[in-house]
Colleague: 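Before I ask anything, let me first share the structure, which is written out below as structure tokens.
This one's a predicted model, so the numbers in the text were calculated from it and none came from an experiment. Note that ligands are numbered from 1 as they come in the structure, with each ligand's atoms numbered from 1 the same way.
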Amino acid sequence: MTHQHFSAHAPVTVLGLGPMGTALAEALVKRGHPLTVWNRTPQKADGLVGQGAVRAATVTEAVAASPITIICLKDYPAMYAILDPVRDGLRGRTLVNLNSGTPREAGAALDWATERGAAYLDGAIMVPPFQVGEPDAVFLYSGPQDVFDEHRTTLATLGDPRHLGPDPGLAVLYNTALLEMMYATVNGYLHAAALVGSAGVPAVTFAELAFGWFMPTVVDSVLAEQAADLDQGIYPGDAGTMEMNVNALEHITRTSVEQGVHSAQPRLMKEMAERAVAEGHGSDNYMALFEIFKKAAR
Ligand SMILES: NC(=O)c1ccc[n+]([C@@H]2O[C@H](COP(=O)([O-])OP(=O)(O)OC[C@H]3O[C@@H](n4cnc5c(N)ncnc54)[C@H](OP(=O)(O)O)[C@@H]3O)[C@@H](O)[C@H]2O)c1
């Protein structure tokens, strides 16, 4: 007899015990879910077995052990490599795939699972492994609403589950968009810190002003406010035009050169704004750059 007979929590299987899969498995087992695990390198399950998880000898056995299987492998090809041989064993099971990937890969995975009689949700994890299980650890999901609703309680064990819609590609697309925003923001900060650093200002001094006041007060609130205008394509330039912003970006580029710091990043931003002017947005506000970003580069 296993511990499964004594738990009120749904049994769960986790496939893939890299740093993230292990964090998912630990959160589930700690909160009382009967847990079955499988990993290509079986020794990685040792610690979890010590905490009460069951190590399945095969993927087929692992998928059979629970109605829901959470997959956290390196990528989609790894998922197909281990689950294709299971064939009929997928019928009637729910697969929740948390690999990173592209929207097209997520869509193909939903079709692949449907062909094999399995329910499928795609997902993306927005936090590092150590934050898994915290109430504000956001997990993004997309795919059939009923599948999400059925397993919402189990998914809530991992953090804060957000269902973005039935289009299976949405979770990985949001994930990619947020990551891109993170890199662009981090790069903006790093370049700005290098600029003031060229005058001997420590990053800690700069960060106080940048994050204590500038970002929340001047940047974040303005961007959130203008989201509706983006949707409508309304870019009134009465408080500042694209032409004015080209001048500001030219000024940042020149200052970077003058201070002896890298200038490629402001130069690229200036070129983007110049493109917007060339396409007729010179008297719109800076947010009209959205129109340039929406099109593939020529
Ligand atoms: N770590 C993070 O901070 C983080 C944050 C958000 C999202 N994610 C995403 O979570 C997923 C897992 O990430 P991770 O950090 O745990 O490490 P990872 O290196 O991306 O994945 C490791 C897992 O994939 C397995 N694997 C790789 N190729 C395989 C194959 N051909 N056949 C079978 N298994 C294979 C590994 O098995 P072995 O142990 O046998 O090598 C291990 O279980 C990734 O998609 C990643 O993008 C990670």
Colleague: We want to know whether Thr13 and Ser66 form a side-chain donor-acceptor pair, criterion being a heavy-atom distance below 3.5 angstrom.
Modeller: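 Looking only at side-chain atoms, Ser66 and Thr13 do form a donor-acceptor pair, the distance falling under 3.5 Å.
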Colleague: Does Glu150 have any side-chain hydrogen bond (donor to acceptor under 3.5 Å, both in side chains) partners at least two apart in sequence or in another chain, and if so, which?
Modeller: none
Colleague: Pick out the protein N or O atoms lying less than 3.5 Å from any N or O of ligand 1, and list each pair with its distance.
Modeller:
residue: ligand 1; atom: 16 (O); partner: Pro19; partner atom: N; Å: 3.2
residue: ligand 1; atom: 16 (O); partner: Met20; partner atom: N; Å: 2.9
residue: ligand 1; atom: 24 (O); partner: Lys74; partner atom: N; Å: 3.1
residue: ligand 1; atom: 31 (N); partner: Arg40; partner atom: NH1; Å: 3.4
residue: ligand 1; atom: 39 (O); partner: Asn39; partner atom: ND2; Å: 2.9
residue: ligand 1; atom: 39 (O); partner: Lys44; partner atom: NZ; Å: 2.6
residue: ligand 1; atom: 40 (O); partner: Arg40; partner atom: NE; Å: 3.1
residue: ligand 1; atom: 40 (O); partner: Thr41; partner atom: N; Å: 3.0
residue: ligand 1; atom: 40 (O); partner: Thr41; partner atom: OG1; Å: 2.4
residue: ligand 1; atom: 41 (O); partner: Arg40; partner atom: NH2; Å: 2.9
residue: ligand 1; atom: 43 (O); partner: Leu17; partner atom: N; Å: 3.1
residue: ligand 1; atom: 43 (O); partner: Gly18; partner atom: N; Å: 3.4
residue: ligand 1; atom: 43 (O); partner: Asn39; partner atom: OD1; Å: 2.6
residue: ligand 1; atom: 45 (O); partner: Leu73; partner atom: O; Å: 3.3
residue: ligand 1; atom: 45 (O); partner: Lys74; partner atom: O; Å: 3.3
residue: ligand 1; atom: 45 (O); partner: Ser100; partner atom: N; Å: 2.8
residue: ligand 1; atom: 47 (O); partner: Ser100; partner atom: OG; Å: 2.6

Colleague: Using the salt bridge (Lys or Arg N to Asp or Glu O under 4.0 Å) criterion, which residues pair with Arg31? Sequence neighbours excluded.
Modeller: none
Colleague: Does Glu271 pair with Arg267 as a salt bridge, N-O distance under 4.0 Å?
Modeller: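 Not counted as a salt bridge, because no side-chain N and carboxylate O are separated by less than 4.0 Å.
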Colleague: Which donor-acceptor pairs under 3.5 Å do side chains of residues 94-103 form with protein atoms, sequence neighbours excluded?
Modeller:
residue: Thr94; atom: OG1; partner: His151; partner atom: NE2; Å: 3.1
residue: Asn97; atom: OD1; partner: Asn99; partner atom: N; Å: 3.1
residue: Asn97; atom: OD1; partner: Asn99; partner atom: ND2; Å: 3.1
residue: Asn97; atom: ND2; partner: Tyr120; partner atom: OH; Å: 3.2
residue: Asn99; atom: OD1; partner: Leu73; partner atom: N; Å: 2.7
residue: Asn99; atom: ND2; partner: Asp75; partner atom: O; Å: 3.0
residue: Thr102; atom: OG1; partner: Glu105; partner atom: N; Å: 3.2

Colleague: If you define the side chain from C-beta out and look only at heavy atoms, does anything of Asn245 sit under 4.5 Å from Leu289?
Modeller: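 Heavy-atom side-chain distance check fails, nothing below 4.5 Å.
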